[in-house]
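Structure first, commentary second.
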Amino acid sequence: MGQTYSDMIQKNLVLQRLKKVFENPLQNITFTSDDEQVSIEIIKCPDSPFEGVTSYSTLGVYRCENLLTADDKELNIEFMGICDSKNNWFDGLLSTCAFAMIKGKVRAHPYEVYKNIVPLYQPNIDMKHILLIPPFSLNHELGVIETDDRVITWLMLNPISENEYAYMSENGYEKLLDAFVRANIDIYDLYRKSIF
């Protein structure tokens, strides 16, 4: 499938925003789905927003229909996340979320949970699910990109445990996020222990 001129411009706008926000030189990795039907680009930026952690973003998920609108335009997203630089499977986690979106299995809305994604990579740790949240902890805002036909923004992958998911289901995401603040969790550590 060839890219249209409009799509090339939009892709370049996303890439330029990532360069500005992540600040350090970007690395580009391409992941192909298990069935080899689709591929996705992952942008990786070591030591961003500070030394010892790596920032990631998908590049191209914004093309997927998301059934949300903003200012009467389609609201599309890219996935992003930040983790300890010693981690060597977070980019795969991002690609799995992207493939689920591309294949129409999920949509990406704030505070939505993608269940049982983490065990595909690490079955024996406390973190099990992905909670999508507005990005934070960056030196600059990713914000939104507005084009003629769509608005593009980012959602951040925030791994949570089964017990944390159960707590959120009962009490709401705001109470869970408050509990994370009180517990002072290390948001970059995918091997952290569940707070419940």
Side-chain angles (χ1 to χ4, degrees), residues 10-34 38-64 66 76-103 105-122 125-145 152-161 177 180 185-192:
Q10 290 174 2
K11 182 178 177 181
N12 192 50
L13 287 171
V14 171
L15 196 52
Q16 292 309 314
R17 180 68 56 88
L18 291 172
K19 282 181 181 173
K20 180 180 175 187
V21 171
F22 288 174
E23 299 179 310
N24 291 343
L26 305 181
Q27 300 168 15
N28 190 309
I29 315 155
T30 300
F31 281 79
T32 303
S33 61
D34 290 341
V38 291
S39 61
I40 187 69
E41 289 178 74
I42 304 286
I43 303 298
K44 176 180 178 182
C45 188
D47 295 325
S48 171
F50 54 84
E51 193 173 334
V53 300
T54 299
S55 289
Y56 296 86
S57 175
T58 55
L59 178 59
V61 176
Y62 70 84
R63 298 185 190 105
C64 301
N66 198 29
N76 302 102
I77 67 96
E78 294 287 354
F79 295 111
M80 65 82 56
I82 309 169
C83 73
D84 187 306
S85 293
K86 292 192 283 285
N87 181 291
N88 62 2
W89 49 273
F90 192 81
D91 48 6
L93 201 64
L94 234 74
S95 72
T96 298
C97 293
F99 292 140
M101 183 86 177
I102 292 165
K103 293 179 177 186
K105 294 178 181 173
V106 296
R107 293 289 167 251
H109 304 175
Y111 309 109
E112 187 161 350
V113 174
Y114 289 179
K115 296 192 72 180
N116 299 311
I117 298 273
V118 179
L120 297 173
Y121 295 88
Q122 291 290 326
I125 63 175
D126 281 7
M127 299 301 102
K128 302 297 180 198
H129 316 300
I130 296 295
L131 170 64
L132 299 177
I133 60 174
F136 68 97
S137 192
L138 293 159
N139 292 330
H140 309 283
E141 295 281 333
L142 280 162
V144 299
I145 296 170
I152 303 167
T153 191
W154 279 261
L155 285 174
M156 183 173 184
L157 275 60
N158 187 44
I160 61 174
S161 71
L177 296 180
F180 284 160
I185 65 166
D186 181 353
I187 59 165
Y188 310 116
D189 180 10
L190 279 77
Y191 295 89
R192 71 175 176 82

message: Against Ser55, only a single residue in Asn139, Leu138, Ile43 fulfils side-chain contact (heavy atoms from CB on, under 4.5 Å); can you say which?
response: Leu138
Of the non-hydrogen atoms in [X] and [Y], which two are nearest, and what is the gap between them?
X	Y	answer
Pro49	Ser137	CG-O, 3.1 Å
Phe22	Ser48	O-OG, 2.8 Å
Leu13	Ile145	O-CD1, 3.6 Å
Thr58	Leu18	O-CD1, 4.5 Å
Glu41	Asn28	OE1-ND2, 2.7 Å
Asp47	Asn24	O-ND2, 2.7 Å

Return the [atom1] to [atom2] distance between [X] and [Y], rounded to the nearest 0.5 Å.
X	Y	atom1	atom2	result
Lys128	Leu120	NZ	CG	11.0 Å
Glu78	Thr153	CD	OG1	10.0 Å
Leu132	Leu157	CG	CG	6.0 Å
Tyr111	Ile133	OH	CD1	7.0 Å
Glu141	Lys20	CD	NZ	11.0 Å
Leu155	Leu142	CG	CG	10.5 Å

- request: Determine, step by step, whether Tyr114 and Val106 satisfy the side chain to side chain contact (heavy atoms under 4.5 Å, CB included) criterion, reporting the C-alpha distance in whole Å, the side-chain angles of both residues, the deciding distance to 0.1 Å, and the verdict.
  value: CA-CA 8 Å; Tyr114 289 179; Val106 296; 3.4 Å; yes
- prompt: Any donor-acceptor pair under 3.5 Å linking the side chain of Asn76 with the backbone of Cys64?
  reply: yes
message: Strictly distance-based, threshold 3.5 Å: is any side-chain N or O of Ser39 a donor or acceptor partner for the main-chain N or O of Thr32?
response: no
task: Please identify each residue that fulfils side chain to side chain donor-acceptor pair (under 3.5 Å) with His109, with sequence neighbours left out.
output: none
field: side chain to side chain contact (heavy atoms under 4.5 Å, CB included) evaluation trace for Leu15 with Lys11
entry: CA-CA 6 Å; Leu15 196 52; Lys11 182 178 177 181; 5.7 Å; no
- request: For Phe79 and Ile130, run side chain to side chain contact (heavy atoms under 4.5 Å, CB included): C-alpha distance rounded to whole Å, both residues' side-chain angles, the deciding distance at 0.1 Å, then the answer.
  value: CA-CA 11 Å; Phe79 295 111; Ile130 296 295; over 6 Å; no
For [X], side chain to side chain contact (heavy atoms under 4.5 Å, CB included) partners two or more places apart:
X	value
Gln122	Trp89, Ile125, Tyr191
Phe180	Asn158, Ile160, Glu164, Leu176, Leu177, Ile185, Arg192, Ile195
Asn116	His129
Lys86	Asp84

Distance-only criterion, 3.5 Å: show the donor-acceptor pairs between side-chain atoms of residues 92-103 and protein atoms not counting sequence neighbours.
unit_1: Ser95; atom_1: OG; unit_2: Gly92; atom_2: O; d: 2.7
unit_1: Thr96; atom_1: OG1; unit_2: Gly92; atom_2: O; d: 3.1
unit_1: Thr96; atom_1: OG1; unit_2: Tyr121; atom_2: OH; d: 2.5
unit_1: Lys103; atom_1: NZ; unit_2: Asp35; atom_2: OD1; d: 3.3
unit_1: Lys103; atom_1: NZ; unit_2: Asp35; atom_2: OD2; d: 2.9

message: Let's go through His140 and Glu23 carefully: what are the C-alpha distance in whole Å and the side-chain angles of both, what is the deciding distance for side chain to side chain contact (heavy atoms under 4.5 Å, CB included) to 0.1 Å, and is it a yes or a no?
response: CA-CA 9 Å; His140 309 283; Glu23 299 179 310; 2.8 Å; yes
field: Heavy-atom neighbours of Asp34 CG exceed 12 at 6.0 Å
entry: no
task: Flag yes if more than 12 heavy atoms outside Gln27 fall under 6.0 Å of its CD atom; otherwise flag no.
output: yes
query: So, do Thr54 and Phe90 sit near enough that their side-chain heavy atoms are less than 4.5 Å apart?
result: no
